[in-house]
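I am attaching a structure below and will ask some questions about it afterwards.
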Amino acid sequence: MAYLAKTMAAAIIACAGSLVLAASHGGEVPETGTVSASRDLPVRRSGESLDLLRARQAALKRQLNQLAPEGHYIVVDTARNKLLVKRRDDTVLDAVASTGSGTILDAPGKPGTRWVFDTPRGEFKVQSRLTNPVWVKPDWAFLEEGLGVPTDPAQRLEPGTLGDYAVGFGKGYFIHGTLYRRLLGKNVTHGCIRLSDEDLRTVYRLSKIGTSVMIF
Amino acid sequence: MIRRTPLSSRILPALLTLSFLLSSPSQASEPASQPAGNDERALLREANRVLEEEIKLAALPQIYLLLDLSARSLQIKGRGIELHRIAVLSWDAAGNKENWGGAYRLRGRPIVERPKVQPAPDKDQNTEQAEPINLNDMPAEYLLQFDPGLLVNVGPPAGEHPWLWAKNRLREGWRRLSAWAGRNGDTQPPNRVLRLTLSQDQARSLAWSVTDGMPLLIGSVTAP
């Protein structure tokens with residue numbers, strides 16, 4: 001019991017539990033942004049020579065390459081339910097995943113409140129790395145089963161369903177394990193990304209806080 | 001009781017739409033998209049312009065689209081890294097086709113019919129509940145409205161799916177006509193129309209991947 005309490009304190013997660021939404025949520029797309037050109041870029045002038053244009057192109061390519069993540073990064077293809085761990089152009093892990101189902105759950109008796117079970121698209125960063133995570137069942141997990149939402153927080157805790165690790169990338173979304181391996185490769189989740197135990201272990205091992213997660 | 005609408009009121013919108021379509025400003029086919037003179041200097045300038053714009057997009061935490069008209073490829077990218085590539089079978093453009101300018105932003109993704117979960121006891125994660133959406137639920141022909149002033153018409157080859165192709169052209173004409181008449185809240189009608197022919201699977205894949213506000217960068221040539 002003491003061990004369980006300690007584990008929960010360290011690794012309790014909500015798993016996309018705070019997703020009370022009135023509409024679909026897309027990826028984080030900032031409105032606008034600029035980036036200043038590097039000092040080493042040749043200046044563009046009218047009547048440029050071919051050499052100058054080529055030199056500028058080489059400098060621009062270098063600048064673009066510098067924007068790529070350093071070290072490992074995670075790519076998730078939600079259409080094909082694939083998760084890749086990459087380092088530059090090399091693929092370190094090519095895993096079958098499960099991502100969001102895209103379905104909708106309307107909150108009973110609360111018009112306008114609904115959950116959209118999408119995996120968010122965009123670029124995110126790993127924000128937490130947990131071992132032995134315990135799922136804190138959010139409201140939708142009860143409502144979906146036709147149950148009332150419990151008032152006792154302890155009734156929300158469900159150890160063992162998320163696998164050995166959970167890698168959080170913000171807003172309650174995690175990469176975690178699953179008890180239902182036969183559903184890997186399908187869009188069945190409530191927004192989180194599920195992996196097999198072995199692939200999850202690799203993702204946990206190769207990721208660190210700040211690792212880039214690109215989801216499309 | 002069925003109220004019959006006068007024949008003229010049904011035919012008139014269709015005729016207007018057709019005439020609007022036929023009166024499209026100068027059409028650009030693929031060869032015409034090459035930079036003027038097609039010399040190396042022009043190609044380098046265009047490729048550098050695209051690189052400059054892409055650096056701005058890649059500097060931000062976002063997924064963006066890069067359309068290379070000469071290579072007929074549409075790339076889904078983040079941080080300058082190609083995440084996925086969609087083959088463009090063919091394209092043509094109407095309106096200003098010389099300079100594609102900076103990045104466009106998608107106003108709204110195609111509407112998808114989302115199944116609703118019906119709350120019920122005995123549901124667990126081992127059973128597939130409401131049928132999830134998948135690629136086959138995505139439309140294969142649709143319009144994407146970008147700001148500023150770009151309408152992208154995505155559809156399958158006319159020869160393979162003539163009905164879808166015709167429907168999409170009519171929809172495009174109606175959208176442009178509505179915009180021109182100020183009926184859909186546009187401050188100005190799209191002054192450019194880009195028609196992309198994709199395979200049915202690729203069109204669905206694109207519909208799946210786009211998100212509201214997603215940037216699109218178009219180049220008539222990009223750096224190799």
(message) As an exercise, state the distance from NZ of A/Lys61 to CG of B/Asn48, rounded to the nearest 0.5 Å.
(response)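 CG of B/Asn48 is found 9.0 Å from NZ of A/Lys61.
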
(request) Below 4.5 Å from any heavy atom of chain B, which atoms of A/Arg88 appear? Answer side chain, backbone, both or neither. (result)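 Neither part.
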
(request) Would you mind checking which part of B/Leu83 comes under 4.5 Å of any heavy atom in chain A, side chain (CB onward), backbone (N, CA, C, O), both or neither? (result)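 Contact with chain A: backbone and side chain both.
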
(request) May I ask you to name which of A/Gly100, A/Pro108, A/Pro69 has the most heavy-atom pairs under 4.5 Å with chain B? (result)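 Most heavy-atom pairs under 4.5 Å with chain B: A/Pro69.
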
(message) Using heavy-atom distances under 4.5 Å, tell me whether A/Ser212 contacts chain B through its side chain, its backbone, both, or neither.
(response)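 Neither part; nothing is under 4.5 Å.
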
(request) List the atom of A/Leu50, the atom of B/Leu44, and the distance in Å for their closest heavy-atom pair. (result)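 Closest pair (atom of A/Leu50, atom of B/Leu44, distance): CD2-CD1, 3.7 Å.
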
(message) Please give me the minimum heavy-atom distance between A/Gln57 and B/Ala47, naming the atom from each residue.
(response)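 Heavy-atom minimum between the residues: NE2-CB, 3.4 Å.
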
(message) Can you tell whether the side chains of B/Arg79 and A/Glu70 come within less than 4.0 Å, N to carboxylate O?
(response)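 Looking at A/Glu70 together with B/Arg79, the answer is no, because their closest N to O distance does not fall below 4.0 Å.
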
(message) To the closest 0.5 Å, what do you measure between CE (A/Met214) and NZ (B/Lys77)?
(response)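 Between atom CE of A/Met214 and atom NZ of B/Lys77 there are 11.0 Å.
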
(message) Strictly distance-based, threshold 3.5 Å: is any side-chain N or O of B/Asn134 a donor or acceptor partner for the main-chain N or O of A/Asn187?
(response)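 Side chain of B/Asn134 to backbone of A/Asn187, a donor-acceptor pair under 3.5 Å: no, none is there.
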
(message) Looking only at heavy atoms and a cut-off of under 4.5 Å, which of A/Asp89, A/Asp106, A/Asp77, A/Leu84 has the most pairs with chain B?
(response)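 Answer, by heavy-atom pair count under 4.5 Å with chain B: A/Asp106.
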
(request) Write down the atom of B/Pro119, the atom of A/Leu105, and the distance for their closest heavy-atom approach. (result)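 Distance-wise, the nearest heavy atoms are CG-CD1, 3.9 Å.
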
(message) Any side-chain to backbone donor/acceptor pair from B/Arg114 onto A/Ile104? Under 3.5 Å, distance only.
(response)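 No: the side chain of B/Arg114 does not pair with the backbone of A/Ile104.
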
(request) For residues B/Glu54 and A/Gln63, determine if any side-chain heavy atom of one lies less than 4.5 Å from a side-chain heavy atom of the other. (result)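 No - every pair of side-chain heavy atoms lies 4.5 Å or more apart.
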
(message) Please give me the minimum heavy-atom distance between A/Gly102 and B/Pro115, naming the atom from each residue.
(response)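 What the structure gives for the nearest pair is O-CD, 4.5 Å.
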
(message) For a quick check under 3.5 Å, do B/Ser205 and A/Arg80 share a side-chain donor-acceptor pair by atom type?
(response)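 On atom types as modelled, these side chains qualify, holding a pair under 3.5 Å.
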
(request) For residues B/Ser209 and A/Phe216, report the shortest heavy-atom separation together with the two atoms involved. (result)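 The answer is OG-CD1, 4.0 Å.
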
(request) Specify which of B/Ile133, B/Leu135, B/Asp137 makes the most heavy-atom pairs with chain A at under 4.5 Å. (result)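 With the most close heavy-atom pairs to chain A, the winner is B/Ile133.
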
(request) Check each atom of A/Ile215 against the heavy atoms of chain B and say whether the ones under 4.5 Å are side chain, backbone, both or neither. (result)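 When you check distances to chain B, only backbone atoms of A/Ile215 fall under 4.5 Å.
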
(message) On a heavy-atom basis, which atom in A/Gly122 and which in B/Ile63 lie closest, and how many Å separate them?
(response)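 Residues A/Gly122 and B/Ile63, closest heavy atoms: CA-CG1, 3.6 Å.
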
(request) Under 4.5 Å heavy-atom distance to chain B, tell me which part of A/Leu143 shows up: side chain, backbone, both or neither. (result)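 A/Leu143 touches chain B through backbone heavy atoms alone.
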
(request) With rounding to the nearest 0.5 Å, note down the distance linking CD in B/Glu52 to CG in A/Leu64. (result)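 Rounded to the nearest 0.5 Å, the CD-CG separation comes out at 12.0 Å.
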
(request) To the nearest 0.5 Å, tell me how far A/Ser101 OG sits from B/Glu131 CD. (result)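 The OG atom of A/Ser101 sits 10.0 Å away from the CD atom of B/Glu131.
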
(request) Compare all side-chain heavy atoms of B/Ile81 with those of A/Tyr73 and state whether any distance is below 4.5 angstrom. (result)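 SC-SC contact between B/Ile81 and A/Tyr73 confirmed.
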
(message) Return the CD1 to CG distance between B/Ile55 and A/Leu67, rounded to the nearest 0.5 Å.
(response)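 Atom-to-atom, B/Ile55:CD1 and A/Leu67:CG are 7.0 Å apart.
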
(message) To the closest 0.5 Å, what do you measure between CZ (A/Arg56) and CZ (B/Arg45)?
(response)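 Nearest 0.5 Å value for the CZ-CZ distance: 12.0 Å.
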
